[in-house]
Each structure stands twice: as structure tokens, then as C-alpha cells.
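Taking it in order: structure first as C-alpha cells, then the write-up.
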2 protein chains.
Amino acid sequence: MTARKLTIADVAERAGVSKGLVSFALNDRPGVAPATRERILRIASEMGWSPSLRARSLSTRRSFALGLVIARDPEVIGSDPFFPSFIAGVESVLSTEGRVLVLSVVPDQEAELMTYKSLVADGRVDGVFVSDLRHDDIRIPVLEELGIPAVTLGVPDVPSPFPAVTIDDAVGIRAAVEHLVALGHTRIAHVAGAARFLHGSRRRGAFEQAMRDAGLEAGQSVDTDFSIAEGSAATRRLLAQAERPTAIIYANDPMAIAGLAVAQELGLRVPHDLSITGFDDTDISRYVFPALTTVGTDPAEWGRAAARSLLRLMEAGESDDVALPSAELVVRRSTAAPGRP
Amino acid sequence: MTARKLTIADVAERAGVSKGLVSFALNDRPGVAPATRERILRIASEMGWSPSLRARSLSTRRSFALGLVIARDPEVIGSDPFFPSFIAGVESVLSTEGRVLVLSVVPDQEAELMTYKSLVADGRVDGVFVSDLRHDDIRIPVLEELGIPAVTLGVPDVPSPFPAVTIDDAVGIRAAVEHLVALGHTRIAHVAGAARFLHGSRRRGAFEQAMRDAGLEAGQSVDTDFSIAEGSAATRRLLAQAERPTAIIYANDPMAIAGLAVAQELGLRVPHDLSITGFDDTDISRYVFPALTTVGTDPAEWGRAAARSLLRLMEAGESDDVALPSAELVVRRSTAAPGRP
DNA sequence: CTGAAAGCGCTTACAG
DNA sequence: CTGAAAGCGCTTACAG
């Protein structure tokens, strides 16, 4: 590993050209004779030289890194399988681009904003991902003012100069409602995510609209913070009612699995006494009993698409919104016609 | 945000000193009169100047970043809650140190090694975390030769110059066995993790030893890749036998939850017909039915300890091994005395 | 098509 | 205790 002592000057000398020319050859810039270019590159690789990222960073004012800031309670971050899959998707495209992901996990929104700011101020990243969009999301104007390229997961409800990568989860919720209605359910409830998140309230809105469209009275919705604990508590409340729902649509799989457990604990048979649907089609959903009917999304593909979009924005200066295939209902064993008492 | 145009020269001029002195004051180096130092710092902050990380990186040959490479199948990465919690722990200490985490998720061991190498070659990180230790782990000698500071999660089975941060999970497995034996179980099986991982084979070894110590014949162990799918399949195989076990100890919670589902599907009552224990005490384990008896570990604390250890190594040049509190059994409702047929 | 030089914004011996 | 200068290793106008 003596390799690290080499600099562009060594390569230039060995090739009998100036440092500038080596740089030009390396960066594929015009003005280098093809033969020369090739010779320089060959010599560089023979010598085992690769340009110093730090030096490049200083002179180009770029970091060749992208940033993701996740604001989640450290205690519950583990229960949401979304981010690991999303990140794996992001990495799969970054790794082929010589770029790297800088990840921050922070406890709250205040720290989240500070982190975006310092990441940019320190020049740690050349672009950022914005996930878990909230209503009137302050990050949009802040990032715009910071002048950093960004991509949002979903379309913000405030004016945004950034490309959005979307997956239509409302379609999935609607499909779940229609599936349950077709089975004969009329008392359908929704255990929703946090209303401050766009995806939380959008799924809830889709649920209510679908219920109306089915000619049913607006089903009950109860908001949660997306955590397993609150999903469990919400289920307990819903099932404690005299006129309890015969089906519950959950905003994510972990809550649905907790709901399944509550039903079992209360002696209700799923799906005979209670039908249940989840959201995300996470790995575990097919391995619970009964296997969970859920709405499939593809977080890894979302990650790939977001990374591509952000890279394009950084290189071309602009990037179109991209819409991923809609979330689709995956019917398994946790839903059935409501049982006769 | 005109702040970004400022350089150390601006501050020096305004303070009426040389750039060098500003640098010394900033870095708390001796040779600056306290009063001068204070004045420089005050002026710098008044001007809103913060030193350019890129320039510092180039001259100090440091990146002020730490690296973590995770080799996991993108499809199943989401089902293991370990990493998100671990990372949250790491971040909680890095964020106060002006350091940042560079995360890579790669599909296999080959890519994993390449990634460590390029992270170091590019000077992306000043130190790395080594998780999921394997037998004869090649990463240890490679990282040693690369000359990069590292910390390992657990003690490698090859000579290692790096500090290790350990949690004694064997204690937890032993406690699970003893708990089940005390309840009257004699046919206890183990659904183990992958044997190529140190933690996988260590838990298995602890299981076998504890069985022997209890005077029981070595219980059945079946290796898996830690995935929910294999945990489910292993359970199915174990329960299909004529003399099926009355209790199963799983190497992680997700597999235990899948096992619970298999039992239910087969019409076995848990814990009456089959006792089940998990590992890690993840968030969901208390929200399944019956609530899971499991072995508690603290991935976030592990992350904090590992980060502290690595930082100490980088600053002091050495760092002792640290042993976290042993994994402890958390008894809930999925274990009981074996039911009479 | 090619070279010599300045610049990116810090840090760090070296003098004084 | 303080200053002037070189150096980190690239990129990029500017000349030719």
C-alpha cells in the first residue's frame, strides 16, 4: 500500500506531460489528443494512482456525497423496515457512481433542520434526500435557500423547486377498501399514521374518500405516530366498542401485526371475526398467521429512483418528477367475508 | 447565506492577525495569548465564519467521518431491526463531535471488502465499524494493512489490533435454556443464525453447552441465514417430527415471530403446546400474541459504545475493549411449562 | 493540442 | 507570543 504516496505530479512526470494535462485526461475534458489521453490513463493505472478525493473536493467545491437525514425516535427506528430497504436501493446506484451516502439519524425536527444546514455549510454533501414529508414542510424553503439540490419522496404541499419521486399509495388504500367492501364489510376502520406527515394524512384521506365512494358512512379513523405501541393501543380502543368494526385497515405492517395480536388476545378469529390489512408488504407480513393482506410498495426501487433523480438534477441542472408504479394490494389470509356471529 | 464566501483570511484581516494565528486559536493550540484567542474566536463567530471542512481535510488528511459497511441482501435488510437502532446510537455520539457517518449497504462480502478499501483509499473516512464478524474474518487483516482505525462488534477469532465492543449474548441464551428447563422442558430445539457469523455460532455453542449442563441430551439445532423465511422453514421442519420439541429458542425475534405463526397455523397453542423465545427484545416482540419471551440486548447502546471507542482510538491511539452488560432474559407470555397432551 | 501558474482554504513547521 | 510562507493535491482559466 505505498500507493497512497502518489500524486498527479508523479503521473505527469512519468508520462512526460504537465499536471494539468493529466487532470484533463482524467476528467474527459476536450483538448487532449486521444492517443495522449489513453497513454496518460494507462500510465496512471499502471502506477496505481487514483486522484485524491480531498484535493478534488477542495478545488471543485464538491464532496461527491449525498445526504439523508432521518428524524425518528431511536427507540422505534428499528421497527420500521422502510429505511433500510430504501437506503439499500439508494446505495445500489451510488456505488456505481463513485458517490457515497452520508446518513444522519436525529431524534427530532429541530435537530433534523440543524443537520441539513450543517451538512450543507460544511460541504459534506452535494445533494440531499427529503423523506417523511410534512405539511408546510419547512425543509423545502430552507433547502432552497441553502441552494442545495434535493429530491423529495412524494410531492410537497408547498411550492417546491425540487423533483419529486412519488408512489401513489392512495391507490393501494382504495384497493384495500374496495377489497373489503366486495367481501361484504360495511364497518371498516382505519388506523392511520401521523397526520402531520403527508403520507399519513393522504392515506387517511384516501380511506375516507373510498368509503364515501362505496356508499358507506365515513369509517372511523384513528391517528397514531406509526409506532407499534400506538397501533396496538388504537386497535384495542376500536375493538372495545359496542359496534366494533369487522375490518381494520392499517397504515403500516408493524401496526397491523400488533393489531392481529390484539384481536387474538381478545379471542377474535382473524379473518373470521375481524379482517386486517397492512401497508408496505414488508418481509414479515407473509410469515405471520394468518398471512397479512397488505399493500405492496417497493422501498428499494424508491431509493434507486430517488438517487437517479437526484444525480440527474445535479448533473443536468434539472430533473423531472417521476411516478413509480402505484401501490398494489396483495391479498393473503387476513381478510375474508365478515363471519356471521 | 452570504456566509459561505468568508475565509480564514477575512477573519485574520478583521482581527488584525495572521491566518496562522486564527488557525491556532481555532484549534486550541498553545502559543496564543488567551485574550487574543478569545478575541479571534469572538470575531469569527460574529462574522459567521466556520472553517472549510474541505480545506481542513486536504491539509490534515482527515475526513472527520466514520464508515460502516453492511453486507446484507437488500430484500431482507429491512427485517432486521438491529442496524437502525445501532446506527441511531452511533449518530447520537457522532453528532456532538462534528463527525458524520458514511454508510454503505452492499449485497455481498466481495463488495463489502471493496467498499472498505475504496472508502479508505479515497480518504472518505478516518475509522470504520466492523459488524457481523465472521470466522477467520478477512476484514481484520485487510483493515490492519490499510492502516485505518477500526472497532469490532464482538471479539474476532483471529488476531486483531482493534478494540472490541462486546455484549455477552451467550449469557442470554443460557438464561433462556435454564428458564425452559426450570419450567420442565426437556426437548428444546434451537433455530440458529448463520454459522459463518461469530454471533451465530456462539449462540449455538452456548445453547449446546447449556443443554449439556442441564443434563439434557444435545438439543437439535438448525442453522439459518437469520432471515424470516428460513426461520419459518426451520420451524416447520422441527414441528413435523414425530418427537417434536416442546420449546424452541430462536436466534432473533423476527424468526421467533415467524415460528409463532407456524405453530399457530399447525394448531399448536403457544405456550401450552410449544414455548418460544426470541433474541434482541425488539420493539415488536411485546406486541405479538402471546408476547414474546426474549433476550434483551441494546443495539443503540452498542452503537454509542462503539462510536466512543473508535473515537478514543483515533484520538489517543489506543482504546480498551469494552464489555457491555450481558444480554438478559425478558420473560413474557410465550413460555410456560409444557402442557400435558 | 499543450504548459506554466494561480487558486481552492485551510494547517504547520520555521523564524523571529 | 506572533508572522510569513510553504504545502496538502487537485482543477482551471489563461497563454501559446
Side-chain angles (χ1 to χ4, degrees), chain A residues 2-41 43-45 47-65 98 120-124 126 315, chain B residues 2-41 43-45 47-65 98 120-124 126 315:
Chain A
T2 158
R4 250 337 51 202
K5 302 284 346 167
L6 292 175
T7 82
I8 197 173
D10 301 312
V11 178
E13 184 183 2
R14 177 83 159 269
V17 301
S18 69
K19 295 190 319 183
L21 202 61
V22 175
S23 175
F24 271 53
L26 185 76
N27 294 299
D28 246 338
R29 297 180 50 144
V32 187
T36 312
R37 190 180 118 71
E38 212 151 293
R39 194 169 54 85
I40 292 175
L41 260 25
I43 289 176
S45 97
M47 297 175 74
W49 171 79
S50 64
S52 154
L53 205 65
R54 296 204 258 253
R56 299 185 82 176
S57 286
L58 182 57
S59 50
T60 61
R61 301 156 187 278
R62 292 192 298 160
S63 60
F64 305 96
V120 174
D122 289 347
R124 291 273 196 190
D126 301 324
E315 272 147 28
Chain B
T2 158
R4 250 336 51 202
K5 302 285 344 170
L6 292 174
T7 84
I8 196 173
D10 300 312
V11 178
E13 184 183 359
R14 176 85 158 267
V17 300
S18 70
K19 295 190 318 180
L21 201 61
V22 175
S23 176
F24 271 53
L26 186 74
N27 293 301
D28 245 338
R29 297 181 50 145
V32 186
T36 312
R37 190 181 119 69
E38 212 151 292
R39 194 169 54 86
I40 292 175
L41 260 26
I43 289 176
S45 97
M47 297 176 72
W49 171 79
S50 65
S52 156
L53 205 66
R54 295 204 259 254
R56 299 185 82 175
S57 286
L58 181 57
S59 50
T60 63
R61 303 156 184 279
R62 292 193 297 162
S63 61
F64 305 96
V120 174
D122 289 347
R124 290 273 198 190
D126 302 323
E315 271 147 29

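Naming: A, B, ... by sequence-line order, numbering from 1 per chain.
By the salt bridge (Lys or Arg N to Asp or Glu O under 4.0 Å) test, Arg56(A) pairs with no residue at all, sequence neighbours left out. Residues passing the side-chain hydrogen bond (donor to acceptor under 3.5 Å, both in side chains) test with Ser57(B), sequence neighbours excluded: none. The side chain to side chain contact (heavy atoms under 4.5 Å, CB included) search around Ser23(A) returns Ile8(A), Asn27(A), not counting sequence neighbours. Residues satisfying the salt bridge (Lys or Arg N to Asp or Glu O under 4.0 Å) test with Glu38(B), not counting sequence neighbours, are none. With sequence neighbours left out, the side chain to side chain contact (heavy atoms under 4.5 Å, CB included) criterion links Thr60(B) to Arg62(B), Phe64(B). Looking at residues two or more places apart in sequence or on another chain, you find a side chain to side chain contact (heavy atoms under 4.5 Å, CB included) between Ser18(B) and Leu21(B).
Between Arg61(A) and the phosphate of dG9(C), there is a side-chain N or O to OP1/OP2 separation shorter than 4.0 Å. In this structure, Ser23(A) reaches the dT11(D) phosphate: one of its side-chain N or O atoms is under 4.0 Å from OP1 or OP2. Between Thr60(B) and dC10(C), a side-chain N or O to OP1/OP2 separation shorter than 4.0 Å is absent. Contact annotation: Thr7(B) does not reach the phosphate of dG9(C) (side-chain N/O to OP1 or OP2, under 4.0 Å). For Thr36(B) and dT2(D), the shortest distance from a side-chain N or O to OP1 or OP2 is below 4.0 Å. Taking only side-chain nitrogens and oxygens, Arg54(B) never comes nearer than 4.0 Å to OP1 or OP2 of dC8(D).
The CH2-C1' distance, from Trp49(A) to dG9(D), rounds to 9 Å in whole Å. To the nearest angstrom, C1' of dT11(D) lies 15 Å from CD1 of Ile40(A). To the nearest angstrom, P of dG9(D) lies 13 Å from CG of Leu53(A). Rounded to an integer number of Å, the gap from CZ of Arg56(B) to C1' of dG9(D) is 19 Å. Going from atom CG of Leu58(B) over to atom P of dC8(C) covers 13 Å, rounded to whole Å. Rounded to whole Å, atom P of dT11(C) lies 10 Å from atom CZ of Arg62(B). Going from atom CZ of Phe64(B) over to atom P of dC10(C) covers 12 Å, rounded to whole Å. Atom CD1 of Ile8(A) and atom P of dA4(C) are 14 Å apart (whole Å).
The closest donor-acceptor contact from the side chain of Arg37(A) to the backbone of Val32(A) lies at 3.5 Å or more, if one exists at all.
If Ser59(B) and Ser18(B) are placed on DNA chain D by their nearest nucleotide, the residue sitting closer to the 5' end is Ser18(B).
Contacts of Ser57(A) with the nucleic acid, taken as non-hydrogen atoms under 4.0 Å apart, are absent.
Closest approach to the Ala33(B) side chain among dC1(D), dT11(D), dC10(D) is made by dC1(D) (side chain taken as heavy atoms from C-beta onward).
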Go through the steps for Phe24(A) and Thr36(A) under the test side chain to side chain contact (heavy atoms under 4.5 Å, CB included), then give the verdict. CA-CA 11 Å; Phe24(A) 271 53; Thr36(A) 312; over 6 Å; no

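In DNA chain C, stems built from 3 or more consecutive Watson-Crick or G-U wobble pairs, each with both distances under 3.5 Å, span C:1-3 with D:14-16, C:5-12 with D:5-12, C:14-16 with D:1-3.
The side-chain heavy atoms of Arg54(A) and Arg61(B), taken from C-beta on, include a pair separated by under 4.5 Å.
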Report, one pair per line, the protein and nucleotides 13-16 of chain D atoms (nitrogen or oxygen only) whose separation is under 3.5 Å.
none

Show me the donor-acceptor pairs, under 3.5 Å and distance only, between side chains in residues 9-16 of chain B and residues at least two apart or in other chains.
from	atom 1	to	atom 2	distance (Å)
Asp10(B)	OD2	Thr7(B)	N	2.7

